[in-house]
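None of the values given here were measured: they were computed from a predicted structure.
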Amino acid sequence: MIPKKIVIIGSGFSSLSASCYLAKMGYDVTIFEKNPTIGGRARQLKRDGFTFDIGPSWYWMPDVFESFFKDFNTLVSDFYTLEKLNPAYKVFFKNNESVLIEDSLDKIYKAFEEIEEGSSIKLRKFIAAAQNNYDIAIKNLVYRPGVSPLELVTKETILKLNQFFSTISREVRRDFKNEKLIQILEFPVLFLGAKPSDTPAFYSFMNYADFGLGTWHPKGGMYEVILGMEKLAKSLGVKIHTNSPVEKIIVENGEANAVIVDSNKITTDIVLCGADYHHSETLLDKKYRQYSEKYWENKTFAPSSLLFYVGFDKKLKNINHHNLFFDTDFDAHAKEIYDNPKWPEDPLFYANFTSVTDSGSAPKGKENGFFLIPLAPGIEDTDELRAQYFDKIITRFESVTDQNVKNNIIFKESFCVKDFISEYNSYKGNAYGMANTLLQTAFLRPKLKSKKVQHLFFTGQLTVPGPGVPPSLISGKLVAGLIEDQYKLNQELKPVTII
């Protein structure tokens with residue numbers, strides 16, 4: 001009998017993506033989400049007229065979003081409105097120096113040349129190679145399901161073999177000498193969850209995503225993308241249940257055939273886990289788990305984060321939509337995340353003020369602030385430490401931007417390691433999944449299909465292609481394709497009607 005019914009655990013980007021593809025293929029799809037609202041890490045906080053994205057706040061690789069909606073004969077604009085940011089972001093350095101990254105390559109070349117003579121010529125060459133890597137990645141690699149090492153073997157990737165054994169840091173530092181430019185070029189791969197010195201040089205395609213494709217903002221915030229995907233999923237017949245944590249995956253005769261939700265047994269033909277991979281396997285009896293605790297312990301995970309959501313009672317000055325505060329030692333902070341995990345002495349941090357460009361995210365005359373400090377996963381998390389580090393970064397923020405803001409704070413809320421664990425069942429409270437190092441790339445990542453249990457699949461940022469929002473969209477498509485290839489549900493595809 002051809003399976004027709006699918007239960008999906010979790011409602012993040014990858015789960016919603018998979019649900020849309022599977023429903024279009026003709027499957028009967030039901031999502032169970034443990035939290036009161038959908039979105040996984042991409043939820044939303046509303047308070048006193050302020051709106052914050054709780055998790056992802058950068059909209060990069062717009063072509064991946066366009067491709068997703070195009071697969072359903074729809075457009076991004078059918079669901080939300082995009083604005084290309086100019087400037088894309090601002091980077092603050094020591095000694096009150098800063099660099100503005102604007103919205104075109106020509107402007108960025110000019111900014112580099114003003115800092116380091118001759119660097120614009122090197123940057124043109126670097127970005128041309130990064131664009132070539134991006135084209136290869138999108139056309140040949142990221143849409144592969146990670147089932148075989150042969151997926152990496154193409155005419156294009158063979159020619160790029162050296163790019164997999166060199167690193168971003170090595171390539172950047174070979175051509176650029178100015179430390180500010182080096183940090184700007186190393187920054188995008190932080191979205192991949194690893195140090196630039198551990199990230200294969202091939203991933204320079206993230207630099208093309210940054211400089212070449214630009215930084216965008218969905219009006220209303222990143223949660224508008226989630227709402228758009230929910231609308232699409234429901235139009236295809238997907239059923240979504242919130243406040244419904246899955247307590248166990250039932251396996252009989254080696255096949256996943258039910259889940260337990262609120263002590264109720266829900267039968268199904270296929271189970272697709274879009275929740276944290278490690279957590280999802282704990283829902284199985286131990287003998288059905290593919291990966292041991294030792295396996296997870298030995299993997300390199302992306303950082304966790306200390307996040308603050310702050311309402312200010314005035315408009316702030318000397319800020320942009322996205323702001324990077326690199327006014328302390330970049331390498332020292334990286335070592336405190338990966339090499340000697342501890343709370344950083346002088347952390348780099350990121351601040352986002354969507355109300356600079358999106359007036360609806362804060363009351364008139366006020367500003368919303370999202371602050372993020374990258375941290376090692378699994379470290380101690382206390383209210384006292386959160387308060388201490390907020391004071392550290394807000395004091396630096398005042399100094400670097402030359403303004404007083406502490407007395408203008410209406411409220412602040414925080415989110416850290418303990419919350420990533422309790423809210424998302426995240427392994428060690430990581431924020432971004434598993435890092436894309438050389439030994440954790442493509443077929444070397446946890447598998448989309450269980451090796452031990454029939455009819456059990458996985459999706460999300462711990463499997464292929466990796467961490468980030470665009471890869472999560474792709475992961476959902478990949479696992480849907482894997483399911484369809486195995487079961488070949490021959491039903492007429494449902495037309496998409498957006499209500």
ask   = Should Asp346 and Lys392 count as an ion pair when the cut-off is N to O under 4.0 Å?
value = no

inquiry  = Taking the six-membered ring of Phe50 as reference, does the cationic atom of Lys366 (NZ for Lys, CZ for Arg) lie under 6.0 Å from its centre and within 45° of its axis?
reply    = no

request  = Please work out whether the ring planes of Phe164 and Phe202 are parallel, tilted or perpendicular, with thresholds of 30° and 60°.
outcome  = parallel

Donor-acceptor pair between Asn430 and Ser426 side chains, under 3.5 angstrom = yes

request  = Answer with yes or no whether the side chains of Glu281 and Gln290 bring together a donor and an acceptor at under 3.5 Å.
outcome  = yes

task = Say whether, by atom type as modelled, one donor and one acceptor occur between the side chain of Tyr134 and the main chain of Ala209 under 3.5 angstrom.
result = no

inquiry  = Quick test of your reading of the model: are Glu423 and Arg43 salt-bridged, counting only N-O distances below 4.0 Å?
reply    = yes

message = I'd like to know if Glu297 and Lys428 make a salt bridge, using a cut-off of under 4.0 Å between side-chain N and carboxylate O.
response = yes

message = Less than 3.5 Å apart, any donor N or O on the side chain of Asn133 or Gln163 sitting next to an acceptor on the other?
response = yes

Parallel, tilted or perpendicular, as decided by the 30° and 60° cut-offs, for the rings of Phe92 and Phe325 = parallel

query = With under 30° as parallel and over 60° as perpendicular, where do the rings of Phe32 and His241 fit, or are they tilted in between?
reply = parallel

ask   = In a check of salt bridge (Lys or Arg N to Asp or Glu O under 4.0 Å) between Glu186 and each of Arg173, Arg170, Lys195, which one passes?
value = Arg173

query = Is the charged tip of Lys314 near the ring of Phe312: under 6.0 Å from the six-membered ring centre and within 45° of its axis?
reply = no

task = Say whether His278 and Glu293, considering side chains only, have a donor N or O and an acceptor N or O under 3.5 Å apart.
result = yes

Polar side chain donor-acceptor pair, Asp313 to Asn408, under 3.5 angstrom = yes

query = Which class fits the ring pair Trp58 and His322: parallel under 30°, tilted 30 to 60°, perpendicular over 60°?
reply = parallel

task = Would you kindly check if the NZ (Lys) or CZ (Arg) of Arg47 is within the cone defined by 45 degrees around the ring axis of Phe411 and under 6.0 Å from the six-membered ring centre?
result = yes

query = Are the side chain of Trp343 and the backbone of Glu380 linked by a donor-acceptor contact shorter than 3.5 Å?
reply = yes

Side chain Ser361, main chain Ser355, donor-acceptor under 3.5 Å = yes

query = Side-chain donor-acceptor pair under 3.5 Å between Thr354 and Asn368, yes or no?
reply = yes

query = Should Asp419 and Arg386 count as an ion pair when the cut-off is N to O under 4.0 Å?
reply = yes

message = Checking Ser166 against Glu171: is there a side-chain donor and acceptor pair closer than 3.5 Å?
response = yes

key: Distance flag, aromatic centroids of Phe371 and Phe308, threshold under 6.0 Å   = no

message = Side chains of Ser475 and Thr459 only: does a donor on one sit below 3.5 Å from an acceptor on the other?
response = yes

query = Can you check whether Gly10's main-chain N or O pairs, donor with acceptor, with Ser15's side chain at less than 3.5 Å?
reply = yes

inquiry  = Check this for me: does any side-chain nitrogen of one of Glu83 and Lys219 sit under 4.0 Å from a carboxylate oxygen of the other?
reply    = no

ask   = For Tyr59 and His217, does a side-chain donor sit closer than 3.5 Å to a side-chain acceptor?
value = no

ask   = Just by distance, with hydrogens left out, do Ser57 and Tyr350 show a side-chain donor and acceptor under 3.5 Å apart?
value = yes

